There are 2 protein chains.
Amino acid sequence: MKRLGSRRPDDQARRAHADPAQEYRPDLRGCAFGFSAHGFRGSTVDQIAREANLSKPNLLYYFPSKEAIHQHLLSMLMDTWLAPLRAMREDGDPLDEILTYMRRKLEMSRDHPRESRLFANEILQGAPRILDMLETELKDLVDEKAGLIAGWMADGRLAPSDPHHLIFSIWSLTQHYADFDVQVHAVLGAGHDNPYPAAEAYLTTLFTRLLTP
Amino acid sequence: MKRLGSRRPDDQARRAHADPAQEYRPDLRGCAFGFSAHGFRGSTVDQIAREANLSKPNLLYYFPSKEAIHQHLLSMLMDTWLAPLRAMREDGDPLDEILTYMRRKLEMSRDHPRESRLFANEILQGAPRILDMLETELKDLVDEKAGLIAGWMADGRLAPSDPHHLIFSIWSLTQHYADFDVQVHAVLGAGHDNPYPAAEAYLTTLFTRLLTP
DNA sequence: CTCGCCTTTGACCAAAAGGTCAAAAGGAAT
DNA sequence: ATTCCTTTTGACCTTTTGGTCAAAGGCGAG
């Protein structure tokens, strides 16, 4: 339960406490679990500290409050989360670009379900801490990529449909396998430990049929 | 803040406190908000009581604990939630039956978003209180309807794809508009107050293209 | 070694929250 | 009106929890 030895990074300037722009912060990547499993109010600072191998006061030495910890995790997450969409290129094959995006998101659900749930929890609760980001950064990115897709459709390279809702559908379909994981397993029952291969096949068919002109 | 007058139902036998099989319980339907907005641990008994126009001790007179309140809401919800799937009939037109199911679920997202979020919250957190139901009642129903769909596909009346994942996709796509409501609005931006007409059109196209043989 | 600075923690605090209880308030039958 | 039963509530208790603090523990520079 207790850590041994110093956890300071080897070669990184650091100072804190009265410093608003801290340069070193403990890596909380492994601690998404608390918030993702119980939501913001459901997880306790003690718990998070334990997961991070820190004492509670020590954790609060690096972050001014529980809120700040949550926000930190969330914003760290956002970049990772948007990367696959950012990677959609105009000069690829349209269907391929979209299927690749879908597959990347599905992999993220499979490999980082807790992060997905952390995000889902925040949105479910009205996104109080990241609404700004959604309305600016996310909206801009989606608008851009939706424009790209609309272009492909206008050129007849994809069958026409609503690009924004297309993106929503990729999000919901892929994240479902992380966020509703328990339900998926309960319904599929024993003997279907890994639903992802079937999910990928299904989703590939789905989007191929939707988008093939 | 305070209620006036008696809240007893006019003509219903009732007794409680030491009675395990209470016949009267206050209607908490309007109180899904608390749990749906903040999750189980995020909402307080005081809050729920206030929403139900009861004092806290009075609420705890009808329900033995916060857990029991949550469970009550959840099980009340489950039936409503499954009704549309139950309504899928073998003797209809296959595509029509599925599109109708999808539309009903979408209407539920539009008209009862808080209930959808309450359910989503529970699943996100590992469904500790309803896992049983998922593994029995829900699984059985889904297996039955998946069989029905598989039959339609075998008969060539629908294009083949995985029936279980088809059902998952209907759930995720429709519930997305309730659960991730804030995100949908943030991304669509002002001037798109009501995303549902476009969502319905998009989803109709999606499933029509997937399933038309 | 010692000084000064950053880091870590045990002990503590105040507020919030789940739950209890005894007493008060209705209401119907007699 | 009295009695009996159910319903309602203010006050209270205990536990949990976010957050503080003063003191102790490194660690490098001189």
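A, B, ... follow the sequence lines: proteins, then strands. Residue 1 opens every chain. Source: prediction; values computed, not measured.
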Counterpart residues, salt bridge (Lys or Arg N to Asp or Glu O under 4.0 Å), relative to A:K56 (two or more places apart): A:D46

Rounded interatomic separation in angstrom, taking CG from B:L60 and C1' from D:dT9: 12 Å

Can you give the donor-acceptor pairs under 3.5 Å from side chains of residues 195-203 of chain A to other protein atoms, not counting sequence neighbours?
residue : atom : partner : partner atom : Å
A:Y196  : OH   : A:S109  : O            : 3.4
A:Y196  : OH   : A:Y177  : O            : 3.2
A:E200  : OE2  : A:R103  : NE           : 3.1
A:Y202  : OH   : B:S169  : OG           : 2.8

Tabulate atom names and distances for all N/O pairs under 3.5 angstrom spanning the protein and nucleotides 14-17 of chain C.
residue : atom : partner : partner atom : Å
C:dA17  : OP1  : A:R41   : NH2          : 2.6

Spacing between B:H38 atom NE2 and C:dG18 atom P, to the nearest angstrom: 13 Å

Partners meeting side chain to side chain contact (heavy atoms under 4.5 Å, CB included) with A:T205 (sequence neighbours left out): A:R209, B:L210

Any pair counted as salt bridge (Lys or Arg N to Asp or Glu O under 4.0 Å), so long as it reaches residues 126-139 of chain A, sequence neighbours left out: A:E67-A:R129, A:R86-A:E137, A:E122-A:R129, A:K139-A:D143

D:dT9 phosphate, OP1 or OP2, under 4.0 Å from B:N58 side-chain N/O: yes

Distance below 4.0 Å between A:Y61 side-chain N/O and C:dT8 OP1 or OP2: no

Integer-rounded Å distance: D:dG10 P and B:R50 CZ: 13 Å

Contacts of type ring-ring contact (aromatic ring centres under 6.0 Å, His included), residue B:H164, not counting sequence neighbours: none

Between C:dC21 (P) and B:L59 (CG): distance, integer Å: 17 Å

Distance, rounded to the nearest Å, where B:I48 contributes CD1 and C:dG19 contributes P: 10 Å

Separation of D:dG19 P from A:H70 NE2 (nearest whole Å): 13 Å

Rounded distance [0.5 Å steps], CZ in B:R104 versus CG in B:L85: 10.5 Å

Nearest-nucleotide 5' precedence on DNA chain D, A:P57 against A:F40: A:F40

Atom-pair distance (CG on A:L54; P on D:dG19), nearest Å: 16 Å

